[in-house]
Amino acid sequence: MAGSVFDIKSEFTKYGEYHANKVNVAIHMIFVPTILWCSVGLVTALTPQHLFAYPSIVESALAKIPGPSPLPNLSALYMVGCLLFYIALDQVAGLLAAPLLYAFLVTSQEYVFSSPEATKVLFAVFVVSWIAQFVGHGVFERRAPALLNNLLQALVMAPFFVFLEALFACGYRPDLHRQLRSEIGSRILAFRRSLKSSKNN
């Protein structure tokens with residue numbers, strides 16, 4: 001399925017070519033998870049809390065996990081969708097991401113109901129985080145963010161890109177990492193050549 005939306009090499013390199021500068025990547029490592037956490041909280045605060053009922057097998061599994069269970073709302077559906085997409089891209093990495101996504105979902109939802117100022121705080125942090133990312137692209141990367149070209153990349157792939165970067169830093173699938181870096185380098189070179197060509201025309 002090379003080149004498809006479920007191909008890890010295609011999806012990672014499409015996102016990675018917009019994130020090659022180390023400072024910009026560091027900014028994203030901090031603020032992409034922050035945006036994800038805030039997004040879950042804002043969706044929880046601003047949309048109905050119980051849109052559906054969990055299947056009995058899911059309820060049984062959730063009951064065995066310590067702490068509160070996530071509400072069956074839009075943010076839960078979004079996180080499940082992300083998880084399934086990540087598993088389709090890379091089974092092991094996707095499964096490793098599952099506990100983090102679950103923790104983000106539960107803690108963000110709980111924060112919404114524990115603080116009367118939660119919505120205001122989440123929105124403020126959400127805006128600041130996006131500003132930081134635009135600064136990363138404008139000042140350090142010197143290239144428009146993937147958001148402007150591919151909404152799926154910005155809303156779904158970004159958290160997994162950050163997670164994979166952390167895994168790669170820990171030695172996860174080094175051969176794949178080298179292949180991805182090589183392809184990203186080729187894409188960036190092609191982009192710079194196209195810019196140079198357009199300036200000369």
If we ignore angles and hydrogens, is there a donor and acceptor under 3.5 Å between the side chains of [X] and [Y]?
X: His19; Y: Glu141; result: no
X: Thr44; Y: Ser75; result: yes
X: Tyr78; Y: Asn73; result: no

For this session: Start with the C-alpha distance between Val25 and Met29, add both sets of side-chain angles, then the distance that settles side chain to side chain contact (heavy atoms under 4.5 Å, CB included), and finish with yes or no.
Result: CA-CA 6 Å; Val25 170; Met29 295 289 284; 4.1 Å; yes
For this session: Kindly determine whether Val156 and Tyr86 satisfy side chain to side chain contact (heavy atoms under 4.5 Å, CB included), including the steps that lead there.
Result: CA-CA 9 Å; Val156 179; Tyr86 300 160; 4.2 Å; yes
Exercise. Are any side-chain N or O atoms of Tyr15 and backbone N or O atoms of Ser10, one a donor and one an acceptor, separated by less than 3.5 Å?
Worked result: no
For this session: Using modelled atom types only, decide if a donor and an acceptor are shared between the side chain of Ser39 and the backbone of Ile35 within a distance under 3.5 Å.
Result: yes
So do the side chains of [X] and [Y] get within less than 4.5 Å of each other, counting heavy atoms only?
X: Leu101; Y: Leu36; answer: yes
X: Pro145; Y: Tyr18; answer: no
X: Leu51; Y: Pro72; answer: no
X: Ile27; Y: Phe140; answer: yes
X: Phe12; Y: Glu165; answer: yes

Exercise. Step by step, would you call Arg181 with Phe168 a side chain to side chain contact (heavy atoms under 4.5 Å, CB included)?
Worked result: CA-CA 11 Å; Arg181 283 296 154 203; Phe168 288 144; 6.0 Å; no
Only pairs under 3.5 Å count here: list side-chain donor-acceptor contacts from residues 111-125, not counting sequence neighbours, and write none if there are none.
residue, atom, partner, partner atom, Å
Ser114, OG, Glu110, O, 3.3
Ser114, OG, Tyr111, O, 3.0
Ser115, OG, Glu117, N, 3.2

Exercise. Checking side chain to side chain contact (heavy atoms under 4.5 Å, CB included) for the pair Phe161/Val32: CA distance, chi angles, key distance, verdict?
Worked result: CA-CA 9 Å; Phe161 175 85; Val32 165; over 6 Å; no
Exercise. Crowded around Glu59 CD? As in, over 12 foreign heavy atoms under 6.0 Å?
Worked result: yes
Exercise. Linking I/L/V/M/F/W/Y whenever any side-chain heavy atoms sit under 4.5 Å apart, do Leu105 and Phe85 land together?
Worked result: yes
For this session: Please answer: with hydrophobic residues joined when any side-chain heavy atoms are less than 4.5 Å apart, are Leu167 and Ile30 in the same cluster?
Result: yes
Problem set entry | Qualifying residue, where the test is side chain to side chain donor-acceptor pair (under 3.5 Å) with His137 and the options are His28, Arg143, Arg142 | His28
For this session: For Phe31 and Phe134, run ring pair (Phe, Tyr, Trp, His ring centres under 6.0 Å): C-alpha distance rounded to whole Å, both residues' side-chain angles, the deciding distance at 0.1 Å, then the answer.
Result: CA-CA 11 Å; Phe31 290 106; Phe134 277 105; over 10 Å; no
Exercise. Do Arg192 and Glu17 sit within salt-bridge range, that is, some charged N less than 4.0 Å from a carboxylate O?
Worked result: no
Exercise. Parallel, tilted or perpendicular: which fits the ring planes of Phe126 and Trp130, with parallel below 30° and perpendicular above 60°?
Worked result: perpendicular
